Number of protein chains: 2
Amino acid sequence: MPKVVDHEERRRELAAAVWRVITRDGVANVSMRTVAAESGWSSGALRHYFATRDELLAFACQQVLARVTERITALNPQGEPHEVVRVLLLETMPIDTERHVEASITFAFLALGLGDPKLAAVQRQILVGMSGLCLNLISHLLPMESRERQVSLARRLNAVVDGLSVHILASHLTPAEAVSELDAHLADLPT
Amino acid sequence: MPKVVDHEERRRELAAAVWRVITRDGVANVSMRTVAAESGWSSGALRHYFATRDELLAFACQQVLARVTERITALNPQGEPHEVVRVLLLETMPIDTERHVEASITFAFLALGLGDPKLAAVQRQILVGMSGLCLNLISHLLPMESRERQVSLARRLNAVVDGLSVHILASHLTPAEAVSELDAHLADLPT
DNA sequence: TCTTTTATAACACGACCGTGCGATGATCGG
DNA sequence: CCGATCATCGCACGGTCGTGTTATAAAAGA
C-alpha cells in the first residue's frame, strides 16, 4: 500500500484554512485557489479531499458546529442554575477572538446559503441544536412553568442570544454590553 | 440639451433589479452583468449610473433602509401603546413577502460587508436607526423606569426583534410564531 | 440644420473562477 | 527491486467577472 493520510484529519486542516480566509478576506473570497494557497497545498491536492467548492464550504460549516457542540458537551458547569445557563450560552456567542471567528463563519454561511439547499441542511442542524439547548436550559431553570410557556421563553432566549451575537458581529454592541444584557435577561426571567 | 433622465429615479429602478437578483439567485450572484440583464439595460448603461459594483451594492442597501424608514414614519399608529409598538416593530420584520425581501437583503449585506468598510457605514445607519427606534418605543412605553433600565430593555427588544427576524429568514420559525413571540415579549415587559 | 451634450450600446482586456486531466513523487506488498 | 496505488502537483479549458474605452443614437439649443 502506498502512502496514506488520514482523510478526516486532512479535511479538518483544510477547513481551518477556509476559516482563516473567511475571517481575513470575507466569505466571498473563498475559492479553491485561495484556500489552497492559504493551506499551503496545491489546488490539485485540495481537490483530492473536496471535489467541489460547495462540498468544501459545507464541510467547513459543519466543522464549526462540531467544534461548538464538542466544547459545550465537554463543559460540565457547576453552581447556581442561572450561572450554568449563562456559561453554556456564552460558549456560542462571539465574545472573544476564537468565538468571534466561529460566529462570523456561522452567520456568513447562513446569509450565503439562504437559497442553497446544500448549506441549508447544515444551518438547520445548527439552529435546531441551538433551540434545543435553549429549551433544555429553560425547562431545567423553570420546571414549574407550563410547557407552552417554556417553549415561548426558550424561543425568546434563543432570539436574544442570536440577536445579541449579530449585534456584536456588526460592531453595534461590544461583547461586554451583550454579556451584561444577557445577564439582565436571565435575571428578568420569571422566578 | 440632450435627452436627460432622472438619475435618482433610474438608480432606484436599478436597485430594484439588484433586489430581484438577490432574492432569486442570492447575493453572491449580483454582478454588473446579471443586474444589467435583470433590469433590461446594457452593462454599459448600468455603468453610467454606478461606476463600480460596490457603489451599486451600497446604493441598493441604502434603498432598503430608505424604504423601511419611509414606511415607518408614514405610519401613524393609534391606540394602545403596546399595540403601537407592535405595529411599528412588525414593519421591520420579514412577516410577508415584501418585508421578507427587504430583511433578507439587509441580512445578506450584513454578512457580506462584515469586512467591507463601504457597506459597514450603511449597516451602521440601519443598526443605529433600529436601536434608536427601540429606545424611543421603550421610553414611551415605560417612562417611569430609569434611563439605564430603559437602555437595557431597548437593547433587549432590539435583539429579540432581530433574532426573531433571523430565525424567520432561516426558516427556523414561521412568521406567525415569531409574531406571537414578539407579543409575548411585549406582554412580559415590566409594567 | 448643425453642434453640443447626454444616454446607451458594444466590445476588449486582464484576472480569477471551478473543474477536469495527465504527469510525477512517494510508499508499500510482493 | 518492482509494479501497484495513493498523494500531490501543475496546467489548460471554458466561463464570468469588473472595468475601461470607443462608437452610435438622440435630443435640445444655435
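None of these values were measured; they are calculated from a predicted model. So that the names make sense, note that chain A is the first sequence line, chain B the second, and so on, each numbered from 1.
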B:W41 versus B:E13, side-chain donor and acceptor atoms under 3.5 Å: yes
Considering all heavy atoms, the nearest B:I168-B:A178 contact: CD1-CB, 3.4 Å
Evaluation steps, salt bridge (Lys or Arg N to Asp or Glu O under 4.0 Å), between B:R149 and A:D188: CA-CA 12 Å; B:R149 181 71 171 152; A:D188 283 348; 3.1 Å; yes
Most 5' of A:T52 and B:S42 on DNA chain C, judged by nearest nucleotide: B:S42
Presence of B:S31 side-chain N/O under 4.0 Å of D:dT16 phosphate oxygens OP1/OP2: no
Protein-nucleotide distance (A:N29, atom CG; C:dC16, atom C1'), rounded to Å: 11 Å
B:R53 side-chain N/O to D:dC17 phosphate OP1/OP2 under 4.0 Å: no
Atom-to-atom span, CZ of B:R11 to C1' of C:dA7 - whole angstrom: 15 Å
Heavy-atom donor-acceptor pair, A:R33 side-chain to C:dG18 base, under 3.5 Å: yes
Over all atoms of both residues, closest heavy-atom pair of B:L88 and B:I72: CD2-CG2, 4.0 Å
Separation of atom CZ in B:R10 from atom P in C:dT6, rounded to whole Å: 16 Å
Atom-to-atom span, CG of B:L56 to P of D:dG18 - whole angstrom: 9 Å
Nearest-angstrom distance from the residue atom CE of B:M32 to C1' of D:dC17: 10 Å
Geometric class of the A:H172/A:H167 ring pair [parallel <30°, tilted 30-60°, perpendicular >60°]: perpendicular
Closest to the B:W41 side chain, choosing from C:dC17, D:dC9, C:dA9: C:dA9
Phosphate OP1/OP2 of D:dG18: any B:S43 side-chain N/O under 4.0 Å: no
Contact nearer the 5' end of DNA chain C, comparing A:T34 with A:G44: A:T34
Spacing of B:Y49 atom OH relative to D:dT19 atom C1', expressed in whole Å: 18 Å
Distance in angstrom units between B:R47 CZ and D:dG18 P, rounded: 11 Å
Value in whole Å for how far the C1' atom of D:dG18 lies from CD of B:E55: 13 Å
Side-chain N or O of A:H7 closer than 4.0 Å to phosphate OP1/OP2 of D:dA7: yes
